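Chain naming here is simple, since letters A, B, ... match the order of the sequence lines and numbering starts at 1 in each. Predicted model, so just to flag it, every value in this text is computed and none were measured. Every heavy atom of this structure was used, including side-chain atoms; hydrogens, water molecules and symmetry mates were not.
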Amino acid sequence: MPELPEVEVSRLGITPYLEHQIVRKVNVFQRQLRWPVPLEVARIEGQEILSIERRAKYLLLVTEVGTAILHLGMSGKLRVLPIGTPLAKHDHVEIQTLAGQSLRLNDARRFGAVLWQAPGETHPMLAKLGPEPLTDAFANDHLYRMSRGKSAPVKTFIMDNHVVVGVGNIYANESLFMSGIDPRKPAGKISKARYAKLQQAIRTVLARAIEQGGTTLRDFSRADGQPGYFRIELQAYGQGGKPCPLCEKPLKEIRLGQRSTVFCNQCQR
DNA sequence: ATGTTGACCTGTAAGC
DNA sequence: TGCTTACAGGTCAACA
């Protein structure tokens, strides 16, 4: 499920249970995720979790001896439960705290990952990432400048982590709808002004989704508490064939880079 | 260099 | 009911 808002909501949800807590034990039940879970993650045992940060869709559990990095892939979920709660199917990794809580990484498809980052280093996977969309690092003219000379579709372009992070398939569809841009249009042929609009749309859509997800945070530690499945009204994604919210014409659904793409042929140019 | 496709893995829903 | 197929929120590696 996780796009950037889901990951951020997960971060906010687990922080009260993990920040400044001492790690009691790390258990790996399934080492084979996207990459083998590095043995070094056990080094956080006995360490205080100093902070829980997010970079792109990666969550960083920072300690003095190094940082455990979690990625949720397509189907990953985090849950905080009392230690001893029976394992669920696809619970692959557990981080226990001295206070008696257990962070569980559950991921049916195992596209998620656990990485290790030594103090003072930047993991190679994080090294070449584009700017965070919700910060000033995402400059006004960033998309425009990066896109010159590119013929790839603009939707593919904004989903590229080297361009800007955190724009997954759902929010790519939504932000292009919101800014009235045809997802198939070559990235290099879009004007500066239209990119400014797209940038605003990306920020608006992501920020709103985080707000919406925040409402579920109180229940985070409960076994049945889903860490944020957004009820925001999606205007485009998943709405193929239904009338366009703006002009009533049926929304088109196509594949772009093997990903489902929904847009209005009339409103998006 | 850039753009496109396959690969990783499981679950679910639809079609026959 | 059972079997087969397509698709699902990500993203890296390998191609042309």
*Please state the P separation for the pair C:dC7 and B:dT5 - nearest whole angstrom.*
15 Å
*Proximity of A:F29 and A:H92 rings by center, below 6.0 Å*: no
*Out of curiosity, A:E248 CD to A:K242 NZ, how far, rounded to the nearest 0.5 Å?*
14.0 Å
*asked:* Distance check needed: C:dG10 C1' versus A:Y237 OH, whole Å only.
replied: 12 Å
*Would you confirm whether A:R203, through its side chain, and A:Q199, through its main-chain N or O, come within 3.5 Å as a donor-acceptor pair?*
no
*A:K128 near the nucleic acid: base, sugar-phosphate alone, or nothing, with a heavy-atom cut-off under 4.0 Å?*
nothing
*Are OP1 or OP2 of C:dA8 and a side-chain N or O of A:S260 less than 4.0 angstrom apart?*
yes
*With heavy atoms under 4.0 Å as the rule, sort A:R34 into base, sugar-phosphate or nothing.*
base
*Please check if any side-chain donor atom of A:Q96 sits under 3.5 Å from a side-chain acceptor atom of A:E94, or the reverse.*
yes
*What integer distance in Å separates A:R259:CZ from C:dC12:C1'?*
13 Å
*Write down the distance between CG (A:L59) and P (C:dG10), rounded to a whole number of angstrom.*
15 Å
_Minimal non-hydrogen separation, A:T97 against A:R24, with atom names_ = C-CB, 3.8 Å
*How does DNA chain B look in dot-bracket form if you count Watson-Crick and G-U pairs under 3.5 Å, write [ ] for pairs that cross, and put | where a base pairs with another strand?*
.|||||||.|||||||
*For the atom pair CG (A:D107) and OG (A:S75), what is the distance rounded to the nearest 0.5 Å?*
3.5 Å
*Please step through side chain to side chain contact (heavy atoms under 4.5 Å, CB included) for the pair A:R110 and A:Q30, ending with a clear verdict.*
CA-CA 9 Å; A:R110 287 195 263 137; A:Q30 167 61 268; 3.7 Å; yes
*Hey, does the side chain of A:H71 come within less than 4.0 Å of C:dT11's phosphate (OP1/OP2), counting only N and O?*
yes
*Is there a donor-acceptor contact under 3.5 Å linking the side chains of A:K89 and A:N106?*
no
*Same cluster or not: are A:I95 and A:I83 linked, directly or through other Ile, Leu, Val, Met, Phe, Trp or Tyr residues, by side-chain heavy atoms under 4.5 angstrom apart?*
no
*Please determine if A:E6 and A:K57 form a salt bridge, counting it only when a charged side-chain N lies under 4.0 Å from a carboxylate O.*
no
*For A:L256 and C:dC7, what is the distance between atoms CG and C1' respectively, to the nearest whole Å?*
16 Å
*Rounded to the nearest 0.5 Å, how far apart are CG of A:L87 and OG of A:S102?*
8.0 Å
*Check the distance between C:dT11's C1' and A:M74's CE and give it to me in whole angstrom.*
10 Å
*Mind calculating the distance between CG (A:N169) and P (C:dC7) to the nearest angstrom?*
13 Å
*Basic-acidic side-chain contact under 4.0 Å: A:R104, A:D91*: yes
*In whole angstroms, how far is the P atom of C:dG10 from the CG atom of A:L129?*
14 Å
*May I ask you to list the residues of residues 147-163 of chain A, by number, that have any heavy atom positioned under 4.0 Å from an atom of DNA chain B?*
A:K150, A:S151, A:A152, A:P153
*Within this structure, what is the OH-to-C1' distance between A:Y171 and C:dG10, rounded to whole angstrom?*
14 Å
*Heavy atoms of chain A, cut-off under 4.0 Å: which first and last nucleotide of DNA chain B, 5' to 3', fall inside that, if you could look?*
B:dG3 to B:dG11
*Taking the same atom, P, in B:dG6 and in C:dA6, what whole-Å distance lies between them?*
13 Å
